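First comes the structure, then the notes that go with it.
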Amino acid sequence: MAGFVPFTFTIQPMKAHPDSDFFYMVYEVVRLVPYGRVTSYGAIAQYLGVKGSSRMVGWAMNSSHRHHSPVPAHRVVNREGMLTGKNHFATPTMMQELLESEGIQVKKDCVVNFKKLFWDPNEALKM
DNA sequence: TAGCTGACGAAAA
DNA sequence: TTTTTCGCCAGCT
């Protein structure tokens with residue numbers, strides 16, 4: 001947790017974005033994931049009020065590389081902590097390398113201590 | 001224009 | 001407890 005950077009960022013009300021679409025909101029939440037922490041597709045979907053649409057969060061990540069602003073998609077894993085999206089990075093190992101560069105241990109495509117590193121936007125960003 | 005796809009997750013069997 | 005099925009819905013073809 002040495003690399004943990006406290007953040008005082010407060011998320012704006014979702015509907016405040018003039019061009020607020022679902023993908024944009026997903027990117028906003030992903031950017032709020034603290035350094036050295038991870039979250040899940042389902043948690044993001046739940047925070048956005050579309051609990052059953054976790055697949056759409058994954059789809060948003062798939063399109064995130066086209067977004068002009070950087071999106072730390074490597075911090076988003078499935079509910080078991082598995083790096084299911086690694087094949088969508090430039091190289092299959094890039095996602096793991098990015099996580100390890102933040103001090104997150106990865107074994108067998110799975111985040112070590114996932115429960116401890118899990119960052120829940122529903123708790124951290126609740127208004 | 002319409003059908004298909006998908007980096008998930010929860011419920012049912 | 002484990003496996004299978006189905007809903008979610010925006011973007012792509």
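Just so we're on the same page: letters track the sequence lines, and every chain starts at 1. Worth saying up front: this structure is predicted, and the values here are computed from it rather than measured. All values below were derived from every heavy atom in this structure, side-chain atoms included, with hydrogens, water molecules and symmetry-related copies excluded.
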query = Okay, side chain of Y27(A), backbone of A60(A): is any donor-acceptor separation there less than 3.5 Å?
reply = yes
query = According to a strict under-4.0 Å criterion, is S40(A) in side-chain N/O contact with OP1 or OP2 of dC8(B)?
reply = no
task = Would you classify A73(A) as touching base, sugar-phosphate or nothing, given that sugar-phosphate means primed atoms plus P, OP1 and OP2, and contacts are heavy atoms under 4.0 Å?
result = base
note = From CG of L83(A) across to C1' of dC8(B) the rounded distance in Å is 15 Å
ask   = Separation of F114(A) atom CZ from dC8(B) atom C1', in whole Å?
value = 12 Å
query = Does any N or O in the side chain of R75(A) come within less than 3.5 Å of the main-chain N or O of L99(A), such that one atom is a donor and the other an acceptor?
reply = no
ask   = Once you round it to whole Å, what is the distance between P of dG11(C) and CE of M25(A)?
value = 11 Å
ask   = Does W119(A) offer a backbone N or O that forms a donor-acceptor pair with the side chain of T39(A) under 3.5 Å?
value = yes
Residues which pass side-chain contact (heavy atoms from CB on, under 4.5 Å) with S101(A), listed by chain and number, not counting sequence neighbours = none
inquiry  = Quick check against the 3.5 Å criterion: does N122(A) have a side-chain atom that pairs as donor or acceptor with the backbone of Y47(A)?
reply    = yes
key: Gap between atoms CG and P, on N78(A) and dA10(B) respectively (whole Å)   = 11 Å
inquiry  = Between dG9(B) and R79(A), counting only base atoms on the nucleotide and side-chain atoms on the residue, is there a donor-acceptor pair under 3.5 Å?
reply    = no
query = Paired with dC6(C): which nucleotide, if any, by Watson-Crick or G-U wobble criteria at under 3.5 Å for both distances?
reply = dG9(B)
ask   = CG of L48(A) versus C1' of dA10(C): gap in Å, rounded?
value = 14 Å
key: M61(A) CE to dG6(B) P, straight-line distance once rounded to whole Å   = 17 Å
request  = Could you tell me whether the side chain of R55(A) has a donor or acceptor atom within less than 3.5 Å of a complementary atom in the base of dG7(C)?
outcome  = yes
task = May I ask you to verify whether the side chain of S54(A) and the base of dC8(B) hold a donor-acceptor pair under 3.5 Å?
result = yes
query = Just how far, in rounded Å, is C1' of dG6(B) from NE2 of H88(A)?
reply = 8 Å
request  = May I have the distance from Y47(A) (atom OH) to dC8(C) (atom P), rounded to whole angstrom?
outcome  = 23 Å
